[in-house]
2 protein chains.
Amino acid sequence: MSRPTIADVAAEAGVSKTTVSHALTGQGRVKEETTRRVLDAAERLGYRPNMMARGLRTARTRLLAIANSVPAVVADGAGALSYYMTVAGSAARTALRSGYATILIPPDAAPGIFSDIAIDGAIILDPQTADPFLAALRKRHVPFVTIGREPGALGAGWCVDSDMIDATTRLLDHFALGGSCRPALILTEEQRSYSTDARLAYERWVAQRGLPPVVVTAHEKRAEKGGHAAMSRLLAAHPQVNAVFVPLDPFATGALHALAEAGRRVPQDMQVATLDGVRAQFSVPALTAVSDDMEAFARCAVELLLEQLADPAATPRGVTMQSRIVVRDTTLAAAATG
Amino acid sequence: MSRPTIADVAAEAGVSKTTVSHALTGQGRVKEETTRRVLDAAERLGYRPNMMARGLRTARTRLLAIANSVPAVVADGAGALSYYMTVAGSAARTALRSGYATILIPPDAAPGIFSDIAIDGAIILDPQTADPFLAALRKRHVPFVTIGREPGALGAGWCVDSDMIDATTRLLDHFALGGSCRPALILTEEQRSYSTDARLAYERWVAQRGLPPVVVTAHEKRAEKGGHAAMSRLLAAHPQVNAVFVPLDPFATGALHALAEAGRRVPQDMQVATLDGVRAQFSVPALTAVSDDMEAFARCAVELLLEQLADPAATPRGVTMQSRIVVRDTTLAAAATG
DNA sequence: AGCGTTTGCCAAATCGTTTTGGCTGGAATG
DNA sequence: CATTCCAGCCAAAACGATTTGGCAAACGCT
């Protein structure tokens with residue numbers, strides 16, 4: 001026989017389809033003993049509700065989507081977006097516990113994708129200003145949670161975020177531990193909340209010390225090349241700079257190459273730090289980095305999304321997480337302690 | 001108004017629902033001009049077919065799943081399974097082109113998952129002997145394609161695979177380029193096709209040269225520790241060995257540590273190679289590796305799966321891909337050429 | 001003209017759930 | 001005793017697509 005339906009269970013248990021549905025979903029009023037009989041029958045037949053039928057009736061798919069707004073900077077292929085995997089996997093696991101499956105939106109997919117797939121909600125990584133993915137979701141009235149805030153958004157949205165202002169400040173303090181410090185910042189042209197926050201904290205920090213702000217940018221798609229070029233320009237224009245925060249990790253490794261070519265020693269002549277990931281970990285020298293627990297981000301994002309699905313009228317809630325600074329080879333305090 | 005249905009389009013175009021359905025899906029007979037009118041109406045209303053309704057009727061979800069049979073060997077957290085992301089992302093992209101969305105099965109999920117989600121097909125990475133995921137899929141009659149063969153399976157199944165016998169042979173030849181060579185093999189206890197193939201090729205290679213086979217194994221879950229322990233045992237028991245193929249990359253980095261502790265120079269005293277990935281690339285010294293185009297694997301797997309979905313009665317087809325050997329710091333030919 | 005075939009369209013059935021509205025019979029209330 | 005209420009169950013109506021079977025009109029052939 002093909003897959004048993006609710007009608008088969010009803011026949012087996014000697015009740016109506018309505019009662020089976022109620023017994024299984026906990027709706028309506030069903031005598032305890034009847035419920036047990038239904039559950040038994042369902043078990044015996046190996047009954048599984050048909051998701052399509054259920055979805056049709058309830059207008060819910062029990063599917064979430066996860067997408068990365070950051071394009072796959074395929075500088076050297078593998079692992080460029082490995083943190084995306086970490087997040088996606090963790091989100092999928094968390095969602096599954098609540099009975100939701102997670103659709104993986106491939107890197108670099110067009111935002112139009114969201115009008116073709118049927119989902120109850122979405123998680124978007126690192127949205128940028130006026131993010132096209134978020135626009136598409138809003139248009140379709142699909143609830144979403146962002147990891148990282150949408151910079152320049154009007155009201156606060158559902159999001160989970162790291163405290164990048166605090167982290168940047170602590171990082172600059174860490175730079176300064178190595179002695180007198182003239183820090184610079186290498187950012188992406190694209191505005192994502194981590195970069196705007198880093199800029200804010202940086203400008204505040206240098207202003208307090210009466211230092212001139214030095215910020216160089218490149219388009220994120222240029223990846224390693226962009227970081228290399230930015231660092232070269234920086235060295236030429238601001239020779240006094242002796243520490244640099246380069247959040248985007250392909251930029252950071254590109255910057256390391258530029259420094260090597262220019263004959264600058266790291267960290268003696270130039271301290272370098274980035275956001276954590278496989279690149280930072282495995283690069284030689286290993287990069288000091290601002291590190292976030294991406295798995296926790298993902299878990300939290302799913303929880304917020306489910307909260308929102310349960311009550312679409314709830315007021316948006318954000319969660320902020322503390323980052324750690326992982327000291328490796330590219331900053332002076334490392335040499336001092338290690 | 002809420003989302004338009006096929007009935008709205010029918011009204012707008014002045015035809016029946018049947019005709020709309022036929023015009024949109026290309027079924028049945030519809031006059032060219034009528035089709036155009038329907039398409040126009042659908043466009044004007046922004047009509048999107050309801051996936052749940054369609055799925056209910058056709059018993060197809062247009063969802064695929066991708067899962068990794070290899071547990072997340074979370075030796076040092078991030079990036080341990082970054083190749084899984086590469087594959088999953090590439091598969092998702094390919095599937096999307098044919099109108100399928102891809103569900104990400106989180107690492108370490110229980111095989112029982114497949115009785116709770118509604119999918120048309122699945123892609124399973126690196127199945128092991130008597131793989132529980134494949135068992136679950138077979139039980140539910142869900143078509144699947146494996147990346148890597150299921151070792152010890154009776155008939156041939158739908159799969160895409162690398163020619164690991166050839167690659168291993170070439171790798172051993174590469175080892176031998178550095179002079180007289182006594183190679184060993186460090187494998188996982190778990191049998192996946194790449195490991196059984198590597199063993200086969202290795203045993204053949206040493207037999208041809210009248211050398212004794214040296215194979216050491218560890219449980220894959222032990223990750224770096226396992227590789228470390230295996231290498232230590234190898235050094236103690238077989239001091240004459242001067243080259244080792246360690247397919248599982250966490251094992252390989254673990255082995256490198258053991259070698260460093262034992263004061264053996266790499267590659268002078270011991271050549272080392274592994275399967276490619278971020279670890280191999282970024283490890284210091286960088287590991288010579290057998291490298292596969294995982295994105296191509298994924299594309300191919302999706303194509304095979306769609307082929308199978310189009311004709312479930314088709315005889316299973318396998319595709320074999322050629323691997324490259326990427327020479328880095330841990331083999332002697334590298335020193336010779338670089 | 002008469003007959004069979006093809007073309008173009010449609011009404012109704014169908015997929016497997018949930019939900020609505022109603023029906024029973026016994027307990028509680030007056 | 002009559003009335004109201006409620007627990008416990010059910011038949012039928014959704015949900016929005018595809019598919020089946022059929023009906024006219026147009027066409028081709030003798």
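Computed over heavy atoms, backbone and side chain alike; hydrogens, waters and symmetry mates excluded. Below, chains carry the letters A, B, ... as their sequence lines are ordered, and counting in each starts from 1. A quick note: this is a predicted structure, and the numbers were derived from the prediction, not measured.
Out of C:dG16, D:dA11, C:dA11, the shortest distance to the side chain of A:S16 is found at D:dA11. Ranking D:dG16, D:dT18, C:dT18 by closeness to the B:N50 side chain, first place goes to D:dG16. Distance from the side chain of A:L56 is smallest to D:dC15 among D:dC15, D:dC10, C:dC9. Of the candidate nucleotides C:dT18, D:dA17, D:dT19, C:dT18 has the atom lying nearest to any side-chain atom of A:S21. In this structure, of D:dG8, D:dC10, D:dT18, it is D:dT18 that holds the atom nearest to the side chain of B:R54. The side chain of B:T34 approaches C:dC9 more closely than any other nucleotide in the set D:dG16, C:dC9, D:dG8.
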Each nucleotide of nucleotides 20-28 of chain D classed B (base within 4.0 Å of a protein heavy atom), S (only sugar-phosphate) or -, in 5' to 3' order, makes B--------
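With rounding to whole Å, B:I6 atom CD1 is found 13 Å from C:dA11 atom P. Taking atom CD on B:Q27 and atom P on D:dA17, their separation rounds to 16 Å, with Å as the unit. As rounded to whole Å, 14 Å separates atom P of D:dT18 from atom CE of B:M52. Taking atom CG on A:L24 and atom P on C:dT19, their separation rounds to 13 Å, with Å as the unit. Atom pair A:R60:CZ and D:dG16:P shows a separation of 16 Å (rounding to whole Å applied). When rounded to the nearest whole Å, the span between NZ of B:K31 and C1' of C:dC10 equals 15 Å. With rounding to whole Å, A:K17 atom NZ is found 15 Å from D:dC9 atom C1'. Between the P atom of D:dC15 and the CG atom of B:D8 lies a distance of 11 Å, rounded to the nearest Å.
Here the side chains of A:I117 and B:Y100 are not in contact, with every heavy-atom distance at 4.5 Å or above.
A salt bridge is defined here as a Lys NZ or Arg NE, NH1 or NH2 lying under 4.0 Å from an Asp or Glu carboxylate O, and B:R48 with A:D116 meets this definition. A salt bridge is absent between A:E12 and A:K17; no separation between the charged side-chain nitrogens and carboxylate oxygens falls under 4.0 Å. Remark: A:D126 does not engage A:R192 in a salt bridge, criterion side-chain N to carboxylate O under 4.0 Å. Ion pairing between a basic and an acidic side chain is recognised when a charged N comes within 4.0 Å of a carboxylate O; A:E33 and A:R37 show such pairing.
B:T320 and B:D163 share no side-chain donor-acceptor pair at under 3.5 Å. Side chain to side chain, A:S16 and A:T19 meet the donor-acceptor criterion of an N or O pair below 3.5 Å.
An OP1 or OP2 oxygen of C:dC10 is reached within less than 4.0 angstrom by a side-chain nitrogen or oxygen of B:T19. For B:Y47, a side-chain nitrogen or oxygen approaches OP1 or OP2 of D:dA17 to under 4.0 Å.
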